[in-house]
Amino acid sequence: MATHVITGAGSGIGEAVATRLLERGDELWLFARDAGRAKELAARFPGAHTLVADLGNPDRLSWALGHQTLPDRIDSLLHIAGVADLGGVGELTTKTWNNTLAVNLVTPAELTRLLLPQLRVSKGHVVFINSGAGLRANAEWGAYAASKHGLKALADALREEEHTNGVRVTSVYPGRTATPMQQKVRQQEGQEYDAQRWIDPNSVAATVLLALDLPRDAEINDLSVRPGYTGG
């Protein structure tokens with residue numbers, strides 16, 4: 001039984017990944033923004049542990065985790081939580097920039113720093129759910145893409161630093177996926193949301209498990225996932 005620490009398990013890709021791991025009998029530690037959300041996650045994922053922390057405030061993460069019980073070993077740390085607020089560079093305020101960078105980049109860096117001792121003990125795996133925006137920035141996507149480009153740099157640096165410690169690092173770059181975040185994005189774009197056009201979160205979850213389950217003689221560094229053609 002492996003132990004996984006997951007952010008973003010409440011919906012979308014994170015929920016799909018957590019469900020798959022729980023179904024096969026693994027141990028889950030799920031981040032929640034407050035006690036109420038923690039109860040909801042505990043009810044949705046029976047037997048899972050919860051950790052309460054505001055991912056939008058990375059400066060407080062060390063304090064928050066210092067007052068909670070943590071797993072002794074971690075087989076995988078899965079950074080799946082994220083936010084997306086669109087807008088032109090001439091429109092976005094520092095509030096949007098700071099929140100986007102905090103949740104999508106600084107918090108993954110800080111959580112990784114805080115949990116590296118446990119990851120090194122188990123020769124664990126850090127997975128960053130990035131985005132196609134982490135490889136190419138389009139108009140109106142400046143803040144989000146910047147955070148995801150930064151997340152790629154974080155993953156690449158961490159991989160080089162921790163390779164000899166046996167810690168594997170994988171970045172997954174999904175295209176548009178049928179999640180609540182995508183619904184919000186489509187609203188911001190003034191477009192209709194049609195889940196059938198996008199990747200099923202379970203398909204992205206399958207790629208995450210592929211990386212996690214790869215034998216120890218290899219590791220997947222970067223994995224792009226794009227919507228497939230389903231006909232019609």
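Connection of V208 to I80 is established within a shared hydrophobic cluster, with ILVMFWY side chains joined at heavy-atom distances below 4.5 Å, either directly or through further cluster members. Using a 4.5 Å cut-off between side-chain heavy atoms of Ile, Leu, Val, Met, Phe, Trp and Tyr, with links allowed through other members, V106 and V103 fall into different hydrophobic clusters.
Separating the OG1 atom in T19 from the CG atom in L28 is a distance of 9.0 Å, to the nearest 0.5 Å. Rounded to the nearest 0.5 Å, atoms CG (D54) and CG (L61) are 8.0 Å apart. How far CD of Q182 is from OH of Y193: 7.0 Å, rounded to the nearest 0.5 Å. Taking CG from D200 and CH2 from W198, the interatomic distance works out to 14.0 Å, rounded to the nearest 0.5 Å. Atom OG of S62 is separated from atom CG of L111 by 10.5 Å, given to the nearest 0.5 angstrom. The distance from the CG atom of L21 to the CG atom of L212 is 6.5 Å, given to the nearest 0.5 Å.
Taking every heavy atom of both residues into account, T50 and A38 meet most closely at CG2-O, 3.5 Å. Shown here for L154 and L105, the closest heavy-atom pair between the two residues is CD2-O, 4.1 Å. Pairing each heavy atom of N202 with each of R20, the nearest pair is O-NH1, 3.6 Å. The minimum heavy-atom distance between L92 and L86, with the atom names listed, is CD2-O, 3.9 Å. When all heavy atoms are compared, the tightest approach of V52 to A64 is O-CB, 3.9 Å.
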Cut-off 3.5 Å, no hydrogens considered: what does the side-chain donor-acceptor table look like for residues 40-47, sequence neighbours left out?
unit_1, atom_1, unit_2, atom_2, d
E40, OE1, R37, NH1, 2.8
R44, NH1, G10, O, 2.4

Side-chain donor/acceptor pairs under 3.5 Å, residues 132-141, sequence neighbours excluded:
unit_1, atom_1, unit_2, atom_2, d
R136, NE, N138, OD1, 3.4
E140, OE1, G88, N, 3.0

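For the ring-ring contact (aromatic ring centres under 6.0 Å, His included) condition, no pair includes a residue of residues 151-174, sequence neighbours left out. The side chain to side chain donor-acceptor pair (under 3.5 Å) pairs that include a residue from residues 120-133 are R120-E162, H125-T170, where partners are two or more places apart or lie in different chains. Residues in residues 1-10 take part in these side chain to side chain donor-acceptor pair (under 3.5 Å) pairs, two or more places apart or across chains: H4-D26, H4-S76. Among residues at least two apart or in separate chains, salt bridge (Lys or Arg N to Asp or Glu O under 4.0 Å) pairs with a member in residues 105-117 are E110-R113. For the ring-ring contact (aromatic ring centres under 6.0 Å, His included) condition, the pairs that include at least one residue of residues 78-123, sequence neighbours left out, are H79-F128. Within the structure, salt bridge (Lys or Arg N to Asp or Glu O under 4.0 Å) contacts touching residues 56-67 (residues at least two apart or in different chains) do not occur. Residue pairs satisfying the ring-ring contact (aromatic ring centres under 6.0 Å, His included) criterion with at least one member in residues 18-40, sequence neighbours excluded, are listed as follows: W29-H49.
Legend: residues meeting side chain to side chain donor-acceptor pair (under 3.5 Å) with D213, ordered by chain and number and at least two apart, are R24. Shown here are the side chain to side chain donor-acceptor pair (under 3.5 Å) partners of S147, two or more places apart in sequence or in another chain: N104. Under the salt bridge (Lys or Arg N to Asp or Glu O under 4.0 Å) criterion, E161 pairs with no residue, sequence neighbours left out.
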Original post:
side chain to side chain contact (heavy atoms under 4.5 Å, CB included) between N165 and L119: does it pass, once the steps are laid out?
Top reply: CA-CA 9 Å; N165 290 323; L119 286 160; over 6 Å; no
**OP:** Could you go through the side chain to side chain contact (heavy atoms under 4.5 Å, CB included) check for L115 and L70 one step at a time?
**Re:** CA-CA 9 Å; L115 298 178; L70 299 175; 4.2 Å; yes
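Side chains of T93 and T96 form a contact here, defined as non-hydrogen atoms less than 4.5 Å apart.
The closest donor-acceptor contact from the side chain of R197 to the backbone of P227 lies at 3.5 Å or more, if one exists at all. In this structure, R186 contributes its side chain and Q191 its backbone to no donor-acceptor pair below 3.5 Å. At least one donor-acceptor pair under 3.5 Å links the side chain of R159 to the backbone N or O of N221. No side-chain donor-acceptor contact under 3.5 Å links K184 to the backbone of T179. With hydrogens and angles disregarded, no donor-acceptor distance shorter than 3.5 Å links the side chain of S171 to the backbone of K152.
Within a 6.0 Å sphere centred on CD of Q196, heavy atoms belonging to other residues, nucleotides or ligands number 12 at most.
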